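Here the structure is laid out as structure tokens; the discussion comes afterwards.
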Amino acid sequence: MHHMTLAEIARGLADKKFSSEELTQTLLARIAQLDPQLNSFISLTEELALSQAKAADARRANGESGALLGAPIAHKDLFCTQGIRTSCGSKMLDNFKAPYDATVVAKLAAAGAVTLGKTNMDEFAMGSANESSYYGAVKNPWNLEHVPGGSSGGSAAAVAARLLPAATATDTGGSIRQPAAFTNLTGLKPTYGRVSRWGMIAYASSLDQGGPLARTAEDCAILLQGMAGFDPNDSTSIDEPVPDYSASLNGSLQGLRIGVPKEYFSAGLDPRIAELIQNSVKELEKLGAVIKEISLPNMQHAIPAYYVIAPAEASSNLSRFDGVRFGYRCENPDNLMDLYKRSRGEGFGAEVQRRIMVGAYALSAGYYDAYYLKAQKIRRLVKNDFMAAFNEVDIILGPTTPNPAWKLGAKSSDPVAEYLEDVYTITANLAGLPGLSMPAGFVDGLPVGVQLLAPYFQEGRLLNVAHQYQLNTDWHTRTPTGF
Ligand code: GLN
């Protein structure tokens, strides 16, 4: 049962081959048996899951249908879940039970999805390895000595290990696409504003975006359908109709113009990954796509700009965690200043403290123009590069990451080495564009992802290309040994 995709589960439930309750029980038992090796969950919500599953079965018995009705999923632990711990991977929020559901959580619950639990993540979504969680590192099911990617590493490891078919995740600078690449999944970061951020604990508000992690493009379409849409509670959410994503999967790729940026194939890229990316290009050419070399000249400035803007916004967003209103409070403070300092010093981990300091510095009077304002100007140049490219092509294709998943601990003492691994993913966040990563092969037994980027609100086009690719390749069907 655990090998089924969301699409297969929907058919099985509709045909009464099994009930949501049976499926939920099977997966909960599998999680209990296998997750100790992976550490992909922070909290399990068995009682909630079984009651949601029974309710979904009852709705089906009453004639209701829907691709998510009775489908088991999990939420990254930064989506607020009413009455359930929402930790953001931090000691700061270890005791925080959200008083309300995030819009994404509420929408998926209304569609009948069953929440099995809350998945592990880098603390406050800061990281590319899922090693900064207060709850410990997550392991990659393809090789337990390697990282699963971050910050949505728990969602990725759980789905890759067939503990469940799909999970929610968020992407501020690659945290859906990079763990998807490292664990052989399909992950989609929607256009900024497509999915509500209400109740999604903020890291860098102008970059954060929720989206689906699953094994196939077909399943990403199903989960995104349940997540997307206008939300009056989120002032950056876009009031545009949501298309039928599943209906977009079967378009022909004949004549589709794919741009491959020459800057992507520079010295930093593992040549074995470069070869797999070229193979995926050939595969899409066979399906009728036309390939064109393009240029994104300002890409080289994206990492420094991102690592100013994201910490700047984080330093502002995380000021609310002060030991007074939310979460952790230190023991026996001497006075108010001592309470603030010790609560934050003890509640936040090293990477979060580093980002807060970098961000506060970049925003301070005297340095604002030199760092923050400069970074914003680079952001505009990065966006302009994409706008020029999309005048010539329909899709941009390249590697999701320069290297496959590294060994646990290999980069944890060198933050800049880890930041450099985000080179291909962060530009889409700076520009607000949708991006997708899908399986493209293996290097030393570790999965490799190919990234597709599209113009604003063209999530359907990304899913279409990925689905057609997956109908003609079998990388996405490979299963890690032992799972
Ligand atoms: N690795 C990036 C960072 O640490 C991206 C994280 C994310 O997308 N949440 O900021």
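All of these numbers come straight from a predicted model, not from anything done at the bench. Just follow the structure's listing: the first ligand is 1, and inside any ligand the first atom is 1.
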For this session: Tell me, please, which residues at least two apart from R320 pass salt bridge (charged side-chain N to carboxylate O under 4.0 Å, His left out).
Result: none
Seminar exercise, completed: Residue pairs passing the salt bridge (Lys or Arg N to Asp or Glu O under 4.0 Å) test with at least one member in residues 396-425, sequence neighbours excluded, are E145-K407, K411-E421
Exercise. Among all residues two or more places apart in sequence or in another chain, which pass the side chain to side chain contact (heavy atoms under 4.5 Å, CB included) test with H301?
Worked result: N298, I378
Exercise. Any idea which residues sit under 4.0 Å from ligand 1, heavy-atom distances?
Worked result: A125, M126, G127, S128, S151, D171, T172, G173, G174, S175, Y203, Y306, Y307, R355, D422
Seminar exercise, completed: On a heavy-atom basis, the closest approach of G173 and T425 is O-OG1, 3.1 Å
For this session: Locate the shortest heavy-atom distance separating E459 from R194; write the atom from each residue and the value.
Result: OE2-CG, 3.9 Å
Problem set entry | Verdict with reasoning, Y328 to Y134, per ring-ring contact (aromatic ring centres under 6.0 Å, His included) | CA-CA 13 Å; Y328 178 78; Y134 172 61; 9.0 Å; no
